[in-house]
Number of protein chains: 2
Amino acid sequence: MTKDRYHHGDLRRALLDAALHYIEANGLAALSMRELARQAGVSPAAPFRHFESRTALLTALAEEAMDGLVQSVDAALREAAQAGPLMQFRAVGVGFLRWALAHPTHFLVISSRAYIDFEKPTLRERNDRIRAAMEGYMRAAAEAGLLRAGDVGRTLVGGRALVYGIARMALDGQFPSWGLDAHNPLDEATAILDQYIAAIAA
Amino acid sequence: MTKDRYHHGDLRRALLDAALHYIEANGLAALSMRELARQAGVSPAAPFRHFESRTALLTALAEEAMDGLVQSVDAALREAAQAGPLMQFRAVGVGFLRWALAHPTHFLVISSRAYIDFEKPTLRERNDRIRAAMEGYMRAAAEAGLLRAGDVGRTLVGGRALVYGIARMALDGQFPSWGLDAHNPLDEATAILDQYIAAIAA
DNA sequence: ACCTGAACACCGTTCAAGT
DNA sequence: ACCTGAACACCGTTCAAGT
């Protein structure tokens, strides 16, 4: 409707949306600021009014991704509010898997440290909060005698590595070659996490 | 010694070596063919006599990385030749971790599917062979009654995801924030794998 | 306040021509 | 056989100028 070439309305929003779709279709490496400008119908210089660099734009996208991750983890934790600490640890993993498999491009962006500035407090701090939550639940599970013998720190990191690795394998399309049902990857991923939980439980 | 500007001697080799060092220092995203040409003292067009594209060069680097991975896995398997199938499964993981932590840039290249052509038979086939070996050992362990109750396929993928995830976490420098000793990441990574093996064992 | 236009120093890649 | 030189169509980013 507003056909102005000047005053786009919300160029920042339009650029972020265009970036997400472009990455989804063509990958992170191919993304160009000039292409985003073209898609938004503005000059090549216009995006730099809103993002000081390509890295800044991708970091902003990563921040929005982090919003979604935090919300997904919080939602899963609310569902497990009545459960014990080991099930709350599981809930963090479930929240992560749900989010990663539902928003693969956001997951790709947030885990591509070569392209974003992960040291931004809005990323680092929220990432640390999730890590601290996982650690808290795992230590509580250990103190409650819910874990089999072993080093708690290693059980914790093993779980975190497993969840991250599953997400990567699912999104890289590796499930079929490992003989897993790729039709419902989230159910499969959750089942693998559940089997880990069962294996570490007392 | 040979100061010829023409006939470099082994430009192909020089480009691959320069690429590895450049990526180690500056990351994959920043690598440029022109920069590699400059480092080798040749014209911008010269590299394209040896690699038809940037992707082809990085794929060749990934093939050399795969050589190292296969050798590392084979060496670990030889060490475990007398052991049972569950320990042979472990050996594949140990071979992977040793290689990934000792050659982080090669690991980065081989796992960056946006930049390489993973469908090349030399990559895909050797990757599949490692996967098939892991599956064989895991199924043999199950048949020998070495595993606790559970779905074997999920135990297998869980182990593979855990090993891959540990490597990523170690190389991303995440060990300290998880309270792990980062001084000897390989020992720590192996201990986490061993705890997984212990947890899934009967 | 927000965008354009032109510029600068880069890219990957091609191709005719040189040795 | 192997490399150069020049060219083409791109980049990210800056900055003075326009509205």
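Each chain gets a letter, A, B and so on, in the order its sequence line appears, and its residues count up from 1.
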K.L.:
Does anything in residues 13-26 of chain A come within less than 4.0 Å of DNA chain D? Heavy atoms only, and list the residues if so.
P.N.:
none
K.L.:
Quick test of your reading: applying ring-ring contact (aromatic ring centres under 6.0 Å, His included), list the pairs with at least one residue in residues 29-82 of chain B, sequence neighbours left out, ordered by first then second residue.
P.N.:
none
K.L.:
Could you check whether A:Arg12 gets within reach of a base, just the sugar-phosphate, or nothing at all, counting any heavy atom under 4.0 Å?
P.N.:
nothing
K.L.:
Taking ring-ring contact (aromatic ring centres under 6.0 Å, His included) as the test, write out the residues that go with B:Tyr164, two or more places apart.
P.N.:
B:Phe107
K.L.:
Between B:Leu11 and A:Arg38, name the one whose nearest nucleotide on DNA chain D is closer to the 5' end.
P.N.:
B:Leu11
K.L.:
Can you give me the closest heavy-atom contact between B:Val109 and B:Leu28, atom names plus distance?
P.N.:
CA-CD1, 4.4 Å
K.L.:
Reading DNA chain C 5' to 3', what string of ( ), [ ], | and . shows its pairs, if Watson-Crick and G-U wobble pairs count only when both distances fall under 3.5 Å?
P.N.:
||.|||||...|||||.||
K.L.:
For atom CZ of A:Arg129, is the number of surrounding heavy atoms from other residues, nucleotides or ligands below 6.0 Å larger than 12?
P.N.:
no
K.L.:
Could you give all pairs that pass the salt bridge (Lys or Arg N to Asp or Glu O under 4.0 Å) test and reach residues 153-169 of chain B, with sequence neighbours left out?
P.N.:
A:Glu188-B:Arg154
K.L.:
Can you list every side chain to side chain donor-acceptor pair (under 3.5 Å) pair that touches residues 74-83 of chain B, not counting sequence neighbours?
P.N.:
B:Glu79-B:Arg98
K.L.:
Which whole-number value in Å describes the distance from A:Leu36 CG to D:dC10 P?
P.N.:
16 Å
K.L.:
Can you tell me which residue pairs pass the salt bridge (Lys or Arg N to Asp or Glu O under 4.0 Å) test with a partner in residues 42-52 of chain B, sequence neighbours excluded?
P.N.:
none
K.L.:
For the pair made of CG in B:Leu57 and P in C:dC11, what is the distance, rounded to whole Å?
P.N.:
15 Å
K.L.:
Considering residues at least two apart in sequence or located in another chain, which fulfil the side-chain contact (heavy atoms from CB on, under 4.5 Å) criterion with B:Ala65?
P.N.:
B:Trp99, B:His106, B:Ile110
K.L.:
From C-beta outward on B:Val42, which listed nucleotide comes closest to its side chain: D:dT4, C:dC10, C:dC3?
P.N.:
D:dT4
K.L.:
Any pair with a residue in residues 29-38 of chain B that passes side chain to side chain donor-acceptor pair (under 3.5 Å), sequence neighbours left out, goes on the list, sorted by first then second residue, please.
P.N.:
B:Glu35-B:Arg38, B:Glu35-B:Gln39
K.L.:
Which pairs count as salt bridge (Lys or Arg N to Asp or Glu O under 4.0 Å) when at least one residue sits in residues 104-116 of chain A, sequence neighbours excluded?
P.N.:
none
K.L.:
Identify each atom pair where a protein N or O and an N or O of nucleotides 12-16 of chain D are less than 3.5 Å apart, giving names and distance.
P.N.:
from: D:dG12; atom 1: OP1; to: A:Met33; atom 2: N; distance (Å): 2.7
from: D:dG12; atom 1: OP2; to: A:Met33; atom 2: N; distance (Å): 3.1
from: D:dG12; atom 1: OP2; to: A:Arg34; atom 2: N; distance (Å): 3.0
from: D:dG12; atom 1: N7; to: A:Arg34; atom 2: NH1; distance (Å): 2.7
from: D:dG12; atom 1: O6; to: A:Arg34; atom 2: NH1; distance (Å): 2.8
from: D:dT13; atom 1: OP2; to: A:Arg54; atom 2: N; distance (Å): 2.8
from: D:dT13; atom 1: O4; to: A:Arg34; atom 2: NH1; distance (Å): 3.3

K.L.:
Taking distance alone, no hydrogens or angles, what donor-acceptor pairs closer than 3.5 Å link side-chain atoms of residues 9-21 of chain B to residues at least two apart or in another chain?
P.N.:
from: B:Asp10; atom 1: OD1; to: B:Arg13; atom 2: N; distance (Å): 3.2
from: B:Arg13; atom 1: NE; to: B:Asp17; atom 2: OD1; distance (Å): 3.3
from: B:Arg13; atom 1: NH1; to: B:Glu64; atom 2: OE2; distance (Å): 2.8
from: B:Arg13; atom 1: NH2; to: B:Asp17; atom 2: OD1; distance (Å): 3.0
from: B:Arg13; atom 1: NH2; to: B:Glu64; atom 2: OE1; distance (Å): 3.0
from: B:Arg13; atom 1: NH2; to: B:Glu64; atom 2: OE2; distance (Å): 3.4
from: B:His21; atom 1: ND1; to: B:Asp17; atom 2: O; distance (Å): 3.1

